[in-house]
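For reference, the structure is listed below as C-alpha cells.
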Amino acid sequence: MKLGVCYYPEHWPKSRWQEDAQQMQKIGIEYVRIGEFSWSTIEPTPGELHWEWLDESLDILHSHGLKVILGTPTATPPKWLVDRNPSMLAKDEQGRVRHFGSRRHYTFASLEYREECRRIVTLMAERYGQHPAVASWQTDNEFGCHDTILSYAEADLAAFRLWLAAKYGTVDALNKAWGNVFWSMDYRSFDEIELPNLTVTEANPSHRLDFQRCCSDQVVAFNKLQVDILREYSAGRDLVHNYMGFFTAFDHHKVGQDLDVASWDTYPLGFLDQEAIYTEEEKHQYLRVGHPDFGAFHHDLYRGCGKGRLWIMEQQPGPVNWAPHNPTPADGAVRLWTWEAFSHGAELVSYFRWRQAPFGQEQMHAGLLRPDAQEAEAAKEAAQVANEVKQLAQSLGLDAEELVSLPSAGKVALMFDYDACWSLDIQPQSRAYRYLFWSYRVYEALRELGLSVDIIPSDASLDMYELLVLPAQAHITSELQEKLNAYEGVLLAGPRTGSKTDTYQIPENLAPGPLANLLPLTVERVDALPEHTQLAVSGKWGTGKLKHWHEQIKTNLPCVLKDDAGNPVLMGADRHFYLASCLDNNLLKLSLAKLAEKASLPTYYLPKGVRIRERGNVIFVFNYASQSVVFEPENAELLLGSKTLGSACVAIWKKNK
Ligand code: GAL
C-alpha cells in the first residue's frame with residue numbers, strides 16, 4: 001500500500017527539483033510517474049535528443065529514494081512529427097481531421113505513427129531501461145481519452161479490410177455472417193468494404209460490431225509494440241497502462257494480458273457530475289465525496305484486467321477542470337478514496353498531480369501543491385494515509401510491505417464483457433438501457449449487501465465463486481457455456497443474456513440461446529421501455545418496479561417475481577436463475593440477498609451511503625453519506641477510526657476468529 005504522485009519536472013525550473021523530491025518524501029510518497037507528455041522536450045526537433053533534463057530529474061528522484069514510473073510520450077506527438085506524417089491523424093465520424101493542438105492526435109491504426117513510436121520508445125528504453133530509479137513503465141496515456149478509439153481515416157480503413165479478411169477468409173463468409181442480403185449490402189471483395197460511418201441511416205450492426213472489435217485490436221497491437229520493446233530493454237520492471245472510468249471502447253482484458261499491472265485514473269467528483277448514469281439526487285447527495293460505488297466498481301473491474309494486480313495511477317486530489325461543474329472535495333474525501341482503493345487490493349495510489357500548473361489547459365486542476373508551491377488540503381490527507389498504513393501494518397503484526405499480501409478476491413463474481421457491451425450498445429433498443437449502467441447497478445446492489453465482488457472477464461475461472469452474476473452476457477461462447485455447465489455455485493443470468501450470436505444475429509432458438517439447456521426458457525417478446533415508464537413487480541422475493549427492459553418469457557421454471565400481468569420476471573430453481581427485466585435498486589438488492597443466502601454468503605444491513613470491503617479478516621468501512629452514521633461489524637475489533645463515522649470517514653476492523 002504505497003503512495004505516488006504524477007510529476008512534470010519539465011514544467012518547473014530545475015532549481016526547484018530537489019525541494020520537490022524532499023517534499024514528496026516528507027509526505028510519504030514513494031513512487032513518481034513522469035515523462036508521459038514530454039516528447040517535445042525530449043526531441044524538440046527531429047533527431048535532436050535532449051535527455052539531460054530527464055537524466056537529472058531521474059537522478060534527483062533516485063537520490064531521494066523515490067521510484068519512478070516512466071511514461072512513454074506517445075500520447076503527445078510533437079508538431080513537427082505530425083506535419084511530417086499528416087496521415088497519422090485520426091478522423092471523426094463525420095470524416096473531419098482531428099488536428100494538433102491538444103493531445104491524442106493520432107489513430108492507433110497508423111503504421112507511420114507506430115514506426116515513430118517504435119523509434120522513440122526504443123531510444124527511451126535503451127537509455128533508461130536499466131536506470132536504478134526506473135521501477136516501472138507506463139505505456140502512452142489513457143488509451144481512448146477524448147473519444148479516440150474509433151477513427152475513420154484511410155489508415156483505419158486499410159486496417160479494417162485486413163482484419164476482416166483475416167477473420168472471414170472469403171467475402172462470401174462475411175456476407176453470410178453479416179446478413180448482407182438484407183438491403184442489398186452484399187460485397188464482391190474485401191476492398192469494397194467501407195467504414196461504417198456516413199451511411200444514410202444506421203449501418204449494419206454486424207459491420208459496426210466488427211469495426212469496434214477491429215479498433216480495439218489496434219489498441220492492443222499499439223500497446224504490444226511498446227511492451228515488446230520495454231521487455232527487451234527493461235526486463236523485470238512492471239509494465240502498466242492507465243485506464244479510465246466508465247470507458248468501454250476497447251477490450252481492457254485483452255490489453256491487460258500484455259501488461260503486469262492494471263492501473264486506472266480515478267476522479268470521483270468529475271465523473272459524478274459528468275455521467276448520465278447518476279440521477280440528479282445522487283449528484284446532489286454525493287457532490288463532495290463521489291458516488292459510493294464509483295471507485296469500488298472500477299477497482300474491482302480493473303483488478304480483473306491486470307492479472308490480479310491493481311494500481312491507481314491518478315487519484316483526484318481536489319477540484320478538476322474538465323467536468324461541467326468542478327466542486328471541491330469534502331475534507332477527508334481524498335483519504336477515503338485512497339483507503340477505498342487499498343481495500344480493493346490496490347498496491348499503489350498515485351495522486352494527479354504534484355503541483356497545480358499555472359499555464360495550459362489544466363490550470364484550474366488542483367494538485368497536492370498549489371501553483372505557489374504551498375501544500376493544498378490533499379497533501380495533508382496523503383500524509384495522514386501514509387502514517388495510517390504503517391499503523392495498520394503494526395496492528396496486524398505485519399511489515400508495511402506485507403500488507404499487499406492480504407487477500408483481495410471476493411466470493412461473488414460479476415461478469416463484465418467488453419464485446420457484450422458493444423453488442424448491446426450498438427442496438428440498445430431502449431435509449432434508457434446501457435450495458436455498463438445496468439452492470440454498475442447490479443454491482444451497486446451487491447455492494448449495498450456488504451458483499452466483496454470480483455468483476456471478471458468471460459474467460460475467467462469460476463471455481464472460487466459461490467455466486468456468479470451475468471448482467472447481460474450477450475454472446476455465450478462454447479467455452480463459456482462449458483464452464484457454466486460445470487459451475488457449482490449459484491448463477492444469475494440477467495436480461496439480454498444469450499441474445500446474440502458471435503456475428504450479431506439472433507440465435508436460432510431465440511434468447512437465451514445456448515444457455516437454454518441450463519435455463520429452460522425462451523424469450524418470446526421484448527418490451528423496451530422509455531425512462532419514464534416503470535412497471536409493477538411482485539412475488540415471493542419482494543415487490544418493486546421494473547424499468548428499461550422487460551422480456552416476456554415462456555417457461556415452466558418456478559417464478560419468484562412476476563409482473564402485473566403474471567409474466568415471469570425472476571425465475572429458476574435450485575442454483576440457476578434468470579432475470580427477465582431490469583429491476584429497481586431495492587428489488588434488485590432483495591433478490592440478490594436471496595441468491596446470496598442460497599450461496600451461503602452472509603450479507604450485511606448497511607446504513608445508506610455506507611460501504612464495506614473485506615480483505616481476509618480485515619474489514620474496511622467507508623461513509624459516503626453527508627451525515628454521521630454508526631456501524632459496527634459483529635465480532636470484530638477496531639483497528640482504526642471509530643464505530644461512529646462522520647461524513648467521508650473510514651474505519652478499519654479485524655474480524656475475531
Ligand atoms: C486524465 C489524464 C491526465 C490529466 C487528468 C486531469 O484523464 O490522464 O493527464 O489530464 O485527466 O484530470
Side-chain angles (χ1 to χ4, degrees), residues 4-12 31-41 69-78 101-106 136-149 219 222-223 226 240-250 252 255 259 261-275 290 294-295 298 302 311-329 333-334 337-338 341 348-371 376-378 382:
V5 76
C6 304
Y7 181 45
Y8 302 90
E10 69 275 26
H11 295 181
W12 309 100
Y31 278 76
V32 186
R33 184 194 67 178
I34 65 172
E36 83 279 9
F37 299 128
S38 65
W39 198 333
S40 75
T41 312
I69 302 164
L70 192 52
T72 66
T74 53
T76 48
S102 62
R103 60 179 171 182
R104 304 215 53 78
H105 36 279
Y106 69 82
S136 165
W137 292 83
Q138 174 185 297
T139 55
D140 199 277
N141 188 76
E142 289 192 342
F143 292 142
C145 187
H146 316 305
D147 195 11
T148 49
I149 299 298
V219 180
F222 185 91
N223 180 64
Q226 302 200 9
V240 60
H241 177 77
N242 55 336
Y243 306 126
M244 291 179 288
F246 290 133
F247 191 81
T248 54
F250 68 88
H252 295 54
V255 169
L259 297 166
V261 189
S263 79
W264 77 288
D265 298 343
T266 172
Y267 293 92
L269 301 194
F271 276 95
L272 180 80
D273 192 57
Q274 164 181 280
E275 289 296 318
F294 169 75
H298 292 94
Y302 292 134
W311 292 357
I312 309 307
M313 195 61 86
E314 300 180 12
Q315 168 65 68
Q316 175 168 1
V320 299
N321 63 305
W322 44 261
H325 315 89
N326 295 292
T328 305
V334 172
W337 297 329
T338 308
L348 170 73
V349 176
S350 156
Y351 301 95
F352 182 92
R353 51 189 281 147
W354 174 239
R355 180 170 169 187
Q356 183 171 348
F359 44 72
Q361 280 89 330
E362 293 178 347
Q363 48 190 275
M364 293 300 287
H365 192 298
L368 291 185
L369 302 192
R370 305 187 315 211
E377 174 63 28

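Atoms within each ligand, like the ligands themselves, are counted from 1 in listed order. If you read the sequence from its start, that first residue is 1, and numbering goes on from there. Reckoned from all heavy atoms, side chains included, excluding hydrogens, waters and symmetry mates.
- Considering all non-hydrogen atoms of both residues, Thr76 and Phe37 come closest at OG1-CA, 3.3 Å.
- Residue contacts with ligand 1: Gln316 is excluded, as none of its non-hydrogen atoms falls under 4.0 Å.
- Partner of Tyr267 under the ring pair (Phe, Tyr, Trp, His ring centres under 6.0 Å) criterion, chosen from Trp322, Phe246, Trp337: Trp322.
- Distances between N or O atoms of Asn321 and those of ligand 1 include no value under 3.5 Å.
- The protein heavy-atom contact nearest to atom 5 (C) of ligand 1 is Tyr267 OH, 3.3 Å.
- Side-chain atoms of Thr338 and Tyr351 form a donor-acceptor pair, as typed in the model, at a separation below 3.5 Å.
- The distance from ligand 1 to the heavy atoms of Phe37 drops below 4.0 Å at these ligand atoms: 9 (O).
- No donor-acceptor contact under 3.5 angstrom links the side chains of Glu10 and Ser38, judged on distance only.
- At the shortest separation from atom 7 (O) of ligand 1 among protein heavy atoms lies Glu142 OE1, 2.4 Å.
- Polar contact check, Arg103 against ligand 1: a nitrogen or oxygen pair lies under 3.5 Å apart.
- For Arg353 and His365, the side-chain atoms include no donor-acceptor pair closer than 3.5 Å.
- At a 3.5 angstrom cut-off on N or O pairs, His365 counts as close to ligand 1.
- With hydrogens and angles left out, the side-chain atoms of Thr74 and Gln226 include a donor and acceptor closer than 3.5 Å.
- Asn242 and Asn141 are linked by a side-chain donor-acceptor pair at a separation below 3.5 angstrom, with hydrogens and angles left out of the test.
- For atom 3 (C) of ligand 1, the nearest non-hydrogen atom of the protein is Glu314 OE1, 3.3 Å.
- Ion pairing between a basic and an acidic side chain is recognised when a charged N comes within 4.0 Å of a carboxylate O; Glu314 and Arg33 show such pairing.
- Atoms of ligand 1 lying under 4.0 Å from any heavy atom of Trp322, numbered from 1 in the order shown and given with element: 6 (C), 12 (O).
- When each atom of ligand 1 is checked for a heavy atom of Asp265 under 4.0 Å away, the hits are 8 (O).
- Contacts of Met244 with ligand 1, taken as heavy-atom pairs under 4.0 Å, are absent altogether.
- Of all protein heavy atoms, the one lying nearest to atom 10 (O) of ligand 1 is Glu362 OE2, 2.3 Å.
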